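See below for the structure under consideration.
Numbers restart at 1 for each chain; the letters A, B, ... are given by sequence-line order, proteins then strands. What you see is a predicted model, and the numbers here were worked out from it, not measured in a lab.
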Number of protein chains: 2
Amino acid sequence: MTETQIQKMFRSHSYRATPQRIAIYKYLSEHPTHPDVEEVYQFMLKENPNTSRTTIYNVLKSLEKEGLILAIKIDNERIRYDADTKLHGHFRCNGCNKIFDFLIDDIKCTGIDDFETKTKDMYFSGFCPKCKQK
Amino acid sequence: MTETQIQKMFRSHSYRATPQRIAIYKYLSEHPTHPDVEEVYQFMLKENPNTSRTTIYNVLKSLEKEGLILAIKIDNERIRYDADTKLHGHFRCNGCNKIFDFLIDDIKCTGIDDFETKTKDMYFSGFCPKCKQK
DNA sequence: TTCATTGCAAAAGTTTTGCACGTGC
DNA sequence: GCACGTGCAAAACTTTTGCAATGAA
């Protein structure tokens, strides 16, 4: 996504396209490694040593609220973020602690037919192919 | 579940059956409302005013580690706990903030065939039948 | 008796708040 | 120019740690 496209996206959500917002969104979309607040903060410090943690919290919270990014709560320790908002699952390996994306083809549920579903999050955990051999 | 059964369950997991553990587990299984640390603490205070928050953290963490309870991370603010460890989904209503349980009949995924899956968590959000009318 | 577990107090870590200043529109 | 957003420092809140005392097995 180009900087101009990101700007347009923010403006269509009535957000000002500040350099900080653009940089954070760009970082998330170019690093689909599901980083947490601290990783985003450390990256932003490199760009501008005056960056404040408050800004990271503000930006991530507002982007999540507006549905532009996902908050991934698969980890007990920290919330991770993902700029890919298409429906997909997350697998956490207990060996290497990495998060893997996977496709969700179909889900069949009972008991929420009359509910209005807005978001669907799916978290699996276990061992990835490499770690299960050990 | 009777107190004796809970005791046996703890012992079979090499946990000592302390009154605190039993009371916390009993509270969770009798109150399937997905309470958080603070709610468990407030309940325990009524039973014994000397209860420490540390104990709540210790007990919930160890029970979760051993798979005797589930940690539900559907809420941004707090982790909730559930003594029902059978596979089921959780729906969070953005209107009344309640958590509803639902059945998962089938999930079809692509990309993790070679993974060894130990846990499956599914979180939906949106509006419950009552709240969607407003 | 022994050692896991508890409760307390303090420390560490995380997130929010209040406010002055700066900047996108 | 105006309102939104940022950065800073402090406050608030959450969770962990170290340790002495307790009590389950």
ask   = Does B:Cys109 reach the side chain of B:Ile107, with side-chain heavy atoms less than 4.5 Å apart?
value = yes
key: Spacing of B:Tyr15 atom OH relative to D:dA25 atom P, expressed in whole Å   = 14 Å
query = Would you say the side-chain atoms of B:Glu3 and B:Gln7 include a donor-acceptor pair closer than 3.5 Å?
reply = no
request  = Return the orientation label for the B:Tyr15 and B:His13 ring planes: parallel under 30°, perpendicular over 60°, tilted otherwise.
outcome  = parallel
request  = Please state how far atom CG in B:Asn50 lies from atom C1' in D:dG23, giving the value in whole angstrom units.
outcome  = 15 Å
message = How many whole angstroms separate atom CZ of A:Arg16 from atom C1' of D:dT6?
response = 12 Å
inquiry  = Would you say A:Thr51 places a side-chain N or O within less than 4.0 Å of OP1 or OP2 belonging to D:dT6?
reply    = no
message = With a 4.0 Å cutoff (strictly under), does any side-chain N or O of B:Gln7 reach OP1 or OP2 of D:dA24?
response = no
query = How would you label the contact of B:Pro49 with the nucleic acid (heavy atoms, under 4.0 Å): base, sugar-phosphate, or nothing?
reply = nothing
Separation of atom CD1 in B:Ile6 from atom C1' in D:dA24, rounded to whole Å = 17 Å
message = Need one value for A:Asn48: base, sugar-phosphate or nothing, where a base atom within 4.0 Å counts as base even if backbone is also close, heavy atoms only.
response = sugar-phosphate
note = Residues in residues 61-79 of chain B with a heavy atom under 4.0 Å of DNA chain D, by number, are B:Lys61
request  = Tell me, please, the opening and closing nucleotides of DNA chain C, 5' to 3', among those with an atom under 4.0 angstrom from a non-hydrogen atom of chain A.
outcome  = C:dT14 to C:dC25
Bend angle of the helix from C:dT1-D:dA25 to C:dC25-D:dG1, from helix axes over five pairs at each end, nearest 10° = 50°
message = Can you tell me if B:Asn58 touches the phosphate of D:dT15, counting only side-chain N or O atoms and a distance under 4.0 Å to OP1 or OP2?
response = no
task = Give a yes-or-no answer on whether the side chains of A:Glu64 and B:Asn76 include a donor-acceptor pair shorter than 3.5 Å.
result = yes
query = Got a sec: does the NZ of B:Lys132 have more than 12 other heavy atoms crowding it under 6.0 Å?
reply = yes
remark   = Assign each of B:Ser52 and A:Arg11 the nucleotide of DNA chain C bearing its closest heavy atom; nearer the 5' end lies the nucleotide of B:Ser52
ask   = Are B:Arg78 and B:Asp36 within salt-bridge range, i.e. N to O under 4.0 Å?
value = yes
inquiry  = By the 4.0 Å heavy-atom rule, please label B:Thr54 as base, sugar-phosphate, or nothing.
reply    = base
ask   = Which nucleotide in the set D:dC8, D:dT6, D:dA25 lies at the smallest distance from any side-chain heavy atom of B:Ala17?
value = D:dA25
request  = Walk me through it: do B:Lys73 and B:Asp75 pass the test salt bridge (Lys or Arg N to Asp or Glu O under 4.0 Å)?
outcome  = CA-CA 6 Å; B:Lys73 288 163 261 182; B:Asp75 222 306; over 6 Å; no
query = Where does the angle between the aromatic ring planes of A:His90 and A:His34 fall among parallel (under 30°), tilted (30 to 60°) and perpendicular (over 60°)?
reply = perpendicular
query = How do B:Arg53 and A:Val59 order along DNA chain D: which one's closest nucleotide is nearer the 5' end?
reply = A:Val59
message = What is the distance, to the nearest angstrom, from the CE atom on A:Met44 to the C1' atom on D:dT6?
response = 11 Å
Where A:Ala17 and A:Ile22 come nearest, the two heavy atoms and their spacing = O-CD1, 3.8 Å
inquiry  = Applying the ring pair (Phe, Tyr, Trp, His ring centres under 6.0 Å) criterion to B:Phe115, which one of A:Phe127, A:Phe124, A:Phe102, A:Phe100 satisfies it?
reply    = A:Phe100
message = Quick check: closest heavy atoms across B:Asp82 and B:Ile72, and the distance to 0.1 Å?
response = CB-CD1, 3.4 Å
query = Which atom names give the shortest non-hydrogen contact between A:Arg80 and A:Asn97, and what distance separates them?
reply = NH2-O, 4.0 Å
